[in-house]
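To find a chain, count down the sequence lines: A is the first, B the second, and so on, and within it residues start at 1.
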Amino acid sequence: MRRRTPAGLVGAEPGPAHHIVFDGRAVPALSGQSIAAALWADGVLAWRTTRFGGRPRGVFCGIGACFDCLATVDGRANQRTCLVPAEPGTVVTTQEGHGRADLAV
Amino acid sequence: MPTSPYEFLDLVVIGAGPGGLAGAVTAADLGKRCVLLDGGHSTGGQYYRHPAPGLGAARPDRLHHGWSVYTGLAERLAEHERAGRVEFRGGHHVWALERTDEGFTVHATRGPDAGDRVAVRARAVLLATGAYERQLPFPGWTLPGVVTAGGAQAMLKSGLVLPGQRIVVAGSGPLLLAAASSLVTAGARVPAVVEATGYLAYARRPHVVAAVPAKLVEGAGHGTALLRHRVRPRLRSAVVEAHGTDRVTGVTVARLDADWRPKPGTERRIDCDAIAVGHGLLPQIDLATELGADTLAGPDGAVALAVDAGMRTSVPGLWSAGETNGVGGADLAIAEGELAAHDLAGAEPKRSLRRRRARLRAFADLMAAAHRPGPGWTGWLRPDTDVCRCEEVPVAKVREAVEELGAGDPRTVKLLTRAGMGWCQGRMCGPAVACLSAGSGSAASESGAGVGAAGPDRRPFGCPVPLSQLAAGEPDA
Ligand SMILES: Cc1cc2nc3c(=O)[nH]c(=O)nc-3n(C[C@H](O)[C@H](O)[C@H](O)COP(=O)(O)OP(=O)(O)OC[C@H]3O[C@@H](n4cnc5c(N)ncnc54)[C@H](O)[C@@H]3O)c2cc1C
Ligand code: FES
């Protein structure tokens, strides 16, 4: 039996995948997916480390309420990836701590 | 509908879930001109969340019960939009409601830049901002792969993705069965659905349950899907620990007593690569409580807006529909949206609508009472368990603030420990901090009253607002 998938369940026929860039690596994304969804589909669950413990974090609430899924997107720190759409060529970088280390003087 | 700078609307509806959508189209049916705002880019809210058009889903109904109800509402909305009676504006996060002489100014943000600030003026506001999930921390809950039950639903319904292949569903409340049933139908394995209560409370009030046949059909649908995939709920049990270093690799499940205290010696380990967890929902009512709207605590301890039979809040000109009035599901939200629209338009609703709402509310109260968290849940915490995810504040710090520094309420605990001061403004840790602040053995902690009932949370901004927009003058839209 063919394995069931979410896309198979709803009879989805998305166009060809485009790509976003995650920490320098191309990750496929489907039109209409959020950045977080594209990363999950690629098996990536964490893209931030916490400010104090340096612990990995990714999506928790999935609806924009918890702020655990923050990443640096196209150079802008602290973006909620569960809300931001994955556009072709979007550059996503793992965010460490405040995400502003590069601005520190 | 073009809105000129000084245009004044009859109504702004905040939230395009079942409640707000039904409210907006019914108000338009009754001749009102309104704008429907939502932070998301499409209508539907949590229940009718669906794949973005780009994903080309031919059968979105397979992830929803009652999909045709949504498409019916969406068609009516489109018709009213064509006639210029309603305008849906997605991507608008409302951060404050301001009362004015003529009604309200609704402040929203569309993005990070100074020019993204929007203000809409109207005589009346219908608040339909829904709910967010109540979380209770447990050791390991900050590991990647631990997601909320509603979040797993949301990511699946909108992005067609799963957090893992073997997903334990845990916590309490009807959303767990809905989530588990979608996850297995979409191809995940669900080795266990772990529910903290029994379902006995439902059986004790059979007449309330029997009065809402649609709920039974929906419940039976989840049950059938779960049986087909051999998923059996483990009742009176909880995930007391998630294992793993960089992501979840398994959980420990233990049996609970009637107060939700874990029973020693009953622990069992289950392998998994993700956990979907939630303990019911909490109404999202900050926009109204900032205006001083009256609230009341529901049977599950969650604080909701107090409304009259016409869905009017205590703030003149402000109505509320759906889960802002207490959690109760999509059908109830729709009934309340329709009732609110009639009331604000001065029209008499059908008696059957009022009766439907009363039946669904009674069922919601029964559910809420059945799944009210017991005070013993703190028994699964360890001193190093983070309570506040944002500020990384462990249980030991909160207990120290209460027991050694004498903090007797959540506000003082927050000031001493920073728990609840992070980005999420206490939405994730609020219930837990309230419980722990009540101290062990106090009346509040024994009754479980801390779990969401410590009075409405005060949040001056309904969502984060870029400073540049606060500094900028108020625009017109
Ligand atoms: C994450 C999550 C997943 C859920 N999944 C299910 C499910 O699968 N099955 C089920 O039976 N029930 C589910 N529920 C329960 C669900 O809340 C109700 O069944 C139903 O959707 C409630 O309708 P509503 O209109 O009251 O609110 P909602 O459907 O929650 O709609 C509220 C809307 O308001 C918008 N909003 C909130 N705040 C603002 C703001 N400040 N500015 C602008 N817009 C705002 C939100 O974006 C949302 O679209 C879920 C709840 C949550 C929180
Ligand atoms: S996952 Fe919670 S804000 Fe994105």
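- For B:Gln153, no part lies near chain A; criterion is any non-hydrogen pair under 4.5 Å.
- A:Glu96 and A:Thr49 are not linked by any side-chain donor-acceptor pair at a separation below 3.5 angstrom, with hydrogens and angles left out of the test.
- Qualifying side chain to side chain donor-acceptor pair (under 3.5 Å) partners for A:Thr81, counting only residues two or more places apart in sequence or in other chains: A:Trp47.
- B:Glu133 and B:Thr148 form a side-chain donor-acceptor contact under 3.5 Å, judged by distance and modelled atom types alone.
- Considering only heavy-atom pairs separated by less than 4.5 Å from chain A, the leading option among B:Gly187, B:Gly39, B:Ala152 is B:Gly187.
- By number of non-hydrogen pairs under 4.5 angstrom with chain B, the leading residue of A:Gln33, A:Arg55, A:Arg57 is A:Arg57.
- Put simply, of B:Cys424, B:Ala154, B:Pro163, the one with the most heavy-atom pairs under 4.5 Å next to chain A is B:Pro163.
- For residues 86-94 of chain A, an interface with chain B (any heavy-atom pair closer than 4.5 Å) does not exist.
- With sequence neighbours excluded, no residue satisfies side chain to side chain donor-acceptor pair (under 3.5 Å) with A:Gln79.
- No part of B:Asp61 comes within reach of chain A, as not one of its non-hydrogen atoms sits under 4.5 angstrom from that chain.
- Looking at B:Arg427 and B:Asp286, a side-chain N of the basic residue comes within less than 4.0 Å of a carboxylate O on the acidic one, giving a salt bridge.
- Within residues 19-31 of chain A, the residues approaching chain B closer than 4.5 Å by heavy atoms are, in numerical order, A:Leu30, A:Ser31.
- A tilted orientation is assigned to the rings of B:His50 and B:Tyr70, their planes being inclined by 30° to 60°.
- Both the backbone and the side chain of B:Arg389 come within contact range of chain A, each with at least one heavy atom under 4.5 Å from a heavy atom of that chain.
- Contact annotation for B:Leu156: only side-chain heavy atoms (C-beta onward) come within less than 4.5 Å of a heavy atom of chain A.
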